[in-house]
Novice: 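Supplied in structure tokens, the structure appears directly below.
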Protein chains: 2
Amino acid sequence: MALPSSTVENYLKAIYQAEMAQEDGTRLVPMGRLASALHVVPGTATTMVKTLAESGLVRYEPYAGVRLTAAGQKLAALVLRRHRLMELFLVEVVGMSWADVHDEAERLEHAASDRLIDRIDEMLGRPAVDPHGDPIPDQDGAMATPRYQTLLTCPIDTALVLARVTDQDTDFLRFLEQSHLTPGEVIRVESRDAAADHVLLRGAGDRSIVIGMRAAAKLLVAPPPPPG
Amino acid sequence: MALPSSTVENYLKAIYQAEMAQEDGTRLVPMGRLASALHVVPGTATTMVKTLAESGLVRYEPYAGVRLTAAGQKLAALVLRRHRLMELFLVEVVGMSWADVHDEAERLEHAASDRLIDRIDEMLGRPAVDPHGDPIPDQDGAMATPRYQTLLTCPIDTALVLARVTDQDTDFLRFLEQSHLTPGEVIRVESRDAAADHVLLRGAGDRSIVIGMRAAAKLLVAPPPPPG
DNA sequence: AATCGATTTTTGACTCATCAAACTTCCAAT
DNA sequence: ATTGGAAGTTTGATGAGTCAAAAATCGATT
């Protein structure tokens with residue numbers, strides 16, 4: 001099979017990420033979700049998924065959804081690898097803002113050769129996560145998948161490390177940056193108020209921050225850092 | 001007008017470079033030249049050039065050829081700028097080989113944002129030339145166009161600086177690198193032999209190098225460096 | 001001036017990715 | 001069991017970019 005087009009890469013990546021995000025155990029991604037993730041109409045997604053199925057990259061169950069085959073999974077993971085290494089490179093080496101690198105990487109991931117990506121990987125010291133805390137798959141497409149809690153489910157009044165931000169929106173990231181809510185920061189949840197739909201945080205330097213529950217669900221935390 | 005596709009950018013770039021390479025004064029590029037530069041059949045080039053003409057990017061004279069308008073020239077120069085800054089970046093910052101960066105930049109030039117390109121320009125200290133000695137247009141598309149001599153036309157037995165290499169072929173560049181024939185090196189032509197189709201050079205470290213005349217025509221030299 | 005060969009243009013067809021809109025299927029609620 | 005609405009699929013069309021091959025044009029040589 002020839003090299004996949006950017007479009008194919010984007011479909012595989014979207015399916016991969018939708019599978020991950022699925023809360024129910026099933027990895028079947030409904031067409032509607034896929035279509036809206038890719039900003040195409042549902043009919044387009046159906047058509048494309050059928051050709052992906054013919055290439056053996058996905059399994060398609062009409063009216064039910066789509067899931068990646070092993071081959072599709074590997075390809076998707078390698079696209080994600082390119083994307084995330086590129087993001088980290090743009091932040092660490094080029095000095096671009098955390099908030100801007102997603103969109104840039106979204107295009108560069110389809111243009112960069114494996115050679116370039118491996119060189120970047122080497123320069124960065126084979127990093128495990130990108131600037132948003134998303135894990136970076138290795139050359140074989142294998143990826144660690146730690147299970148973090150969100151700020152909605154984590155214990156109250158406990159020191160935790162902000163590990164990952166699961167939204168790439170530029171304005172949201174800019175806000176987080178200004179609030180010093182970036183991966184690695186130590187924070188604690190002081191209270192939650194379902195009626196007010198907010199979560200009250202205390203960040204580094206005793207900053208007090210109030211965020212909505214929608215936003216809080218996008219911030220993932222890990223157990224406190226090892227002592228010393 | 002919407003942003004130009006990669007294809008449009010490649011056509012403009014090819015026309016721009018063909019205009020430069022034209023030895024006769026006319027800047028009219030015949031369809032055949034353009035088509036083969038882009039690896040498409042002549043009919044395809046004709047079709048595409050007609051749509052470029054409708055966008056006001058080129059002037060098309062049927063059966064005669066095509067030339068860029070002011071708007072087309074500027075766009076083409078900005079593509080060249082992205083390409084050449086990217087090449088230099090890949091060599092200087094990423095540490096890729098001189099011989100490999102052309103193909104990589106060929107794809108990245110269409111994916112990199114102006115923001116990224118300007119950041120790279122700044123990091124590199126607003127450089128004037130890329131790793132092959134090709135001049136880099138500024139943000140307005142203006143570009144210095146020094147007129148160098150080739151190793152076929154330069155004076156014999158005179159110290160000269162290798163200024164520019166007008167061929168991006170990977171194997172050719174690899175050969176030059178191994179022979180220490182890279183921009184900035186001081187060399188002199190010891191003799192030319194038209195019958196044997198070769199040029200005898202003396203490079204840095206008293207290296208003696210024989211190259212064919214076809215190759216010699218691709219090496220451009222400048223007057224000796226200023227003393228001191 | 002007439003012609004031959006090279007170059008260029010035209011025509012018809014194809015692939016990829018997409019949309020709008022008509023049509024199907026599914027399932028949850030009656 | 002039936003059915004109404006949501007979700008999914010199909011159909012027909014479009015635009016970009018390309019090729020193969022037929023037709024037209026140009027110009028250099030006779």
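Letters A, B, ... are given to chains in the order of the sequence lines, protein chains preceding strands, and every chain is numbered from 1.
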Novice: Search all heavy atoms of A:Ala216 against all heavy atoms of A:Thr150 and return the closest pair with its distance.
Specialist: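 Scanning both residues completely, I find the closest heavy atoms to be O-CB, 4.2 Å.
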
Novice: Expressed as a whole number of angstroms, how long is the span from B:Leu28:CG to C:dT7:P?
Specialist: 17 Å

Novice: Can you see which heavy atom on B:Arg67 is nearest to which on B:Glu19, and at what distance?
Specialist: CA-OE2, 3.2 Å

Novice: State, to 0.1 Å, how close B:Val91 and B:Pro131 come at their nearest heavy-atom pair, and which atoms those are.
Specialist: CG2-CG, 3.7 Å

Novice: Would a distance-only check, ignoring hydrogens and angles, find a side-chain to backbone donor-acceptor pair under 3.5 Å from B:Arg119 to A:Leu90?
Specialist: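 Answer holds: no.
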
Novice: Roughly how many Å is it from CE in B:Met48 to C1' in C:dT9, rounded to a whole number?
Specialist: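 Going from B:Met48 (CE) to C:dT9 (C1'), I get 17 Å.
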
Novice: Any side-chain donor paired with an acceptor under 3.5 Å for A:Asn10 and A:His110?
Specialist: yes

Novice: Answer yes or no: does a side-chain N or O of A:Thr44 lie under 4.0 Å from OP1 or OP2 of C:dT18?
Specialist: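 A:Thr44 to C:dT18 OP1/OP2: no side-chain N or O under 4.0 Å.
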
Novice: Could you list where the contact with chain B starts and ends along DNA chain D, reading 5' to 3', using a 4.0 Å heavy-atom cut-off?
Specialist: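 Boundary nucleotides touching chain B, in 5' to 3' order, are D:dG17 to D:dC26.
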
Novice: Can you name the closest pair of heavy atoms from B:Val129 and B:Pro135 and give their distance?
Specialist: CG1-CA, 4.1 Å

Novice: B:Tyr60 OH to C:dT7 P: how many Å, rounded?
Specialist: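 Nearest whole value for this atom pair: 16 Å.
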
Novice: Closer than 4.0 angstrom, basic N to acidic O: yes or no for B:Arg82 and B:Glu9?
Specialist: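 B:Glu9 and B:Arg82: salt-bridged.
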
Novice: Could you state the CE-P distance from A:Met31 to C:dC19, rounded to the nearest angstrom?
Specialist: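 Value for this atom pair: 15 Å.
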
Novice: Both A:Pro62 and A:Val41 contact DNA chain C. Which one's nearest nucleotide lies toward the 5' end?
Specialist: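 Between the two, 5'-proximity favours A:Val41.
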
Novice: Between B:Thr51 and B:Gly43, which has a closest nucleotide on DNA chain D that is more 5'?
Specialist: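 Comparing both residues, the 5'-ward one is B:Thr51.
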
Novice: Indicate whether OP1 or OP2 belonging to C:dA17 is found under 4.0 Å from a side-chain N or O atom of A:Thr47.
Specialist: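 No, no such contact exists.
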
Novice: Rounded to whole Å, how long is the line connecting atom OH of B:Tyr63 with atom C1' of C:dT7?
Specialist: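 These atoms are roughly 9 Å apart.
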
Novice: Scan residues 7-18 of chain B against DNA chain D and write down, sorted by residue number, each residue with any heavy atom closer than 4.0 Å; if none is found, say none.
Specialist: B:Thr7, B:Tyr11

Novice: Taking the six-membered ring of B:Tyr60, is the NZ or CZ of B:Lys50 close enough (under 6.0 Å from the centre) and on axis enough (within 45°)?
Specialist: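 Geometry flag: not set, cation outside 6.0 Å or 45°.
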
Novice: Test A:Arg81 against every option in A:Asp138, A:Asp130, A:Asp134, A:Asp121 by the salt bridge (Lys or Arg N to Asp or Glu O under 4.0 Å) rule and name the one that passes.
Specialist: A:Asp121

